[in-house]
Amino acid sequence: MPPRRLCRDELPADTVALARYLIGKVLVHDLKQVRVSGRIVETEAYIIGDPSGHAFRGKTRSNRSLFLEHGRAYVYFTYGQFNMMNVTSESPGVGAGVLVRALEPIEGLAVMARRRGTSRLLDLARGPGRLTSALGIDRRRDGLDLCARGPLWLGDFGRPAGAVGRSVRIGLTREQDRPLRFFEKGNPFVSGPKRLRT
DNA sequence: AGTGCGATTGACT
DNA sequence: GTCAATCGCACTA
């Protein structure tokens, strides 16, 4: 069964609620010949006014997509080599988003393996830089409407999330404060240290 | 115009 | 566990 496209009305227009909601949903990228997709198993919320959020210092050319209506893609490039993808999460003009941190590969495994340079299933999309590489998502997809009939979209294929865990966010150099990371408990495709995966 | 660094990854001790 | 790679961009001047 192919996944059903989610419409904007179904997505919570609230960053933390959306981060929780997206666990168990599917991220789909339709390429020319094939479809690549993965089940979202880990997210992080970057809330309104978040000092760790990319919107904190206001709108710029590179982060402007973050200020779009909820349900858009914000794709940014970092460390000179990695793209990372957010789903925007608030009203137009408000800068906030949900970082997609890990996928359980579903469709297009061979394509993912080729893009990633490994056939190890666990390494295909476990991590925010890895999953964009596996699905072929880069800055050219920045700003796309994930709720329109486009090549990059969110779906539901009827396999709901198991128990959802919550923890502090990973990789922040700023102060660790609130538990804004969500993940499917026990899922081997979740990134991070073991103590943050159960 | 120069500088420092990042929501990471992969290789290596 | 540690650490370098790599470059766009925000910030300082």
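Just so it is clear: chains get the letters A, B, ... in the order the sequence lines come, proteins before strands, and each one is counted from 1.
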* In the strands shown, is dA7(B) matched to any nucleotide by a Watson-Crick or G-U wobble pair with both distances under 3.5 Å, and which? -> none
* To do: Please tell me which of the listed nucleotides, dA5(C), dA10(C), dC9(C), lies nearest to the side chain of Gln81(A)?
  => dA5(C)
* Axial cation check for Tyr21(A) ring with Lys25(A), 6.0 Å and 45° limits -> yes
* Asked: Quick one: Met84(A) CE to dT9(B) P, roughly how many Å, whole number?
  -> 6 Å
* Sub-3.5 Å donor-acceptor pair from the side chain of Asn63(A) to the main-chain atoms of Thr60(A), do we have one? -> yes
* **Side-chain N or O of Arg116(A) closer than 4.0 Å to phosphate OP1/OP2 of dG10(B)** => yes
* **cation_pi(Arg72(A), Tyr74(A)) dist<6.0 Å, angle<=45** => no
* Nearest-nucleotide pick for Leu172(A), side chain only, options being dT9(B), dA7(B), dC9(C) -> dA7(B)
* Specify the separation, in whole Å, of atom CG of Leu131(A) and atom C1' of dT8(B). => 12 Å
* Asked: Is there a side-chain polar atom (N or O) of Arg181(A) under 4.0 Å from OP1 or OP2 of dA7(B)?
  -> no
* dA10(C) OP1/OP2 closer than 4.0 Å to side-chain N/O of Arg61(A) -> no
* Is a salt bridge present between Asp50(A) and Arg169(A), judged by a nitrogen-to-oxygen distance below 4.0 Å? -> yes
* To do: Verify whether the ring centers belonging to Tyr76(A) and His54(A) lie closer than 6.0 Å.
  => yes
* Are any of Thr60(A)'s side-chain N or O atoms less than 4.0 Å away from OP1 or OP2 of dA10(C)? -> yes
* Asked: Whom does dT6(C) pair with, Watson-Crick or G-U wobble, provided both distances fall under 3.5 Å?
  -> none
* Base, sugar-phosphate, or nothing: which does Glu44(A) touch, judged by heavy atoms less than 4.0 Å apart? -> nothing
* Structure fact -> When rounded to whole Å, the CG to C1' distance for the pair Leu196(A) and dA7(B) reads 15 Å
* Stacking here means centres under 5.5 Å and planes under 30°; does Phe82(A) stack on dT8(B)? -> no
* Asked: CZ of Arg115(A) versus P of dG10(B): gap in Å, rounded?
  -> 15 Å
* Decide whether Asp123(A) and Thr118(A) meet the rule of one side-chain donor and one side-chain acceptor closer than 3.5 Å. => no
* To do: Using a heavy-atom cut-off of under 4.0 Å over every strand shown, decide if Ser62(A) touches base, sugar-phosphate, or nothing.
  => sugar-phosphate
* Please answer whether dA5(C) and Tyr79(A) are stacked, defined here as ring centres separated by less than 5.5 Å and planes angled under 30°. => no
* Structure fact -> When rounded to whole Å, the CD1 to C1' distance for the pair Ile170(A) and dG6(B) reads 16 Å
* Structure fact -> Which of dA7(B), dC7(C), dC11(C) is nearest the side chain of Arg57(A)? It is dC11(C)
* **Rounded C1' spacing from dG1(C) to dA7(B) in Å** => 22 Å
* In terms of side-chain heavy atoms of Tyr74(A), which of dG6(B), dA7(B), dC9(C) is nearest? -> dA7(B)
* To do: Side chain of Arg130(A) only, please: which of dA5(C), dT8(B), dG10(B) is the nearest?
  => dG10(B)
* Structure fact -> note: His54(A), atom NE2; dC11(C), atom C1'; distance rounded to Å ~ 16 Å
* Structure fact -> In whole angstroms, the gap separating P of dG8(C) from CG of Asp138(A) amounts to 13 Å
* Asked: Roughly how many Å is it from CZ in Arg139(A) to P in dC7(C), rounded to a whole number?
  -> 16 Å
